[in-house]
Amino acid sequence: AALSAHPLVRRGSVRESGQRFADAALGILFNAKGQLQATGLEAAQALVLLQMYKVYLENSMDGELQLIGNTLRSIFCSEN
């Protein structure tokens with residue numbers, strides 16, 4: 001998306017241009033209480049991508065990797 005000329009993607013800084021899409025994905029994956037409501041491979045893939053975006057946005061690997069924990073729960077829940 002960094003090279004995109006599409007106006008939905010290129011608003012503000014390049015580093016923050018994906019935030020609206022991340023927010024939309026988080027709204028689908030989690031309920032209002034912040035509990036994971038989506039399971040399966042697709043949810044796990046989305047959570048990994050969201051965690052990668054968070055690391056990119058913050059420009060740091062410091063801090064918690066909460067979405068990776070949710071990824072593991074998503075995969076485990078889909079198998080049971």
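Since we're looking at a predicted model, the values are computed, not measured. Computed over heavy atoms, backbone and side chain alike; hydrogens, waters and symmetry mates excluded.
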Mind checking what makes side-chain contact (heavy atoms from CB on, under 4.5 Å) contact with [X], not counting sequence neighbours?
{"X": "Ala25", "result": "Leu50"}
{"X": "Ala46", "result": "Leu29"}
{"X": "Asn31", "result": "Lys33, Gln35, Gln37"}

Roughly how far, to the nearest 0.5 Å, is CG of Leu26 from NZ of Lys54? 9.5 Å

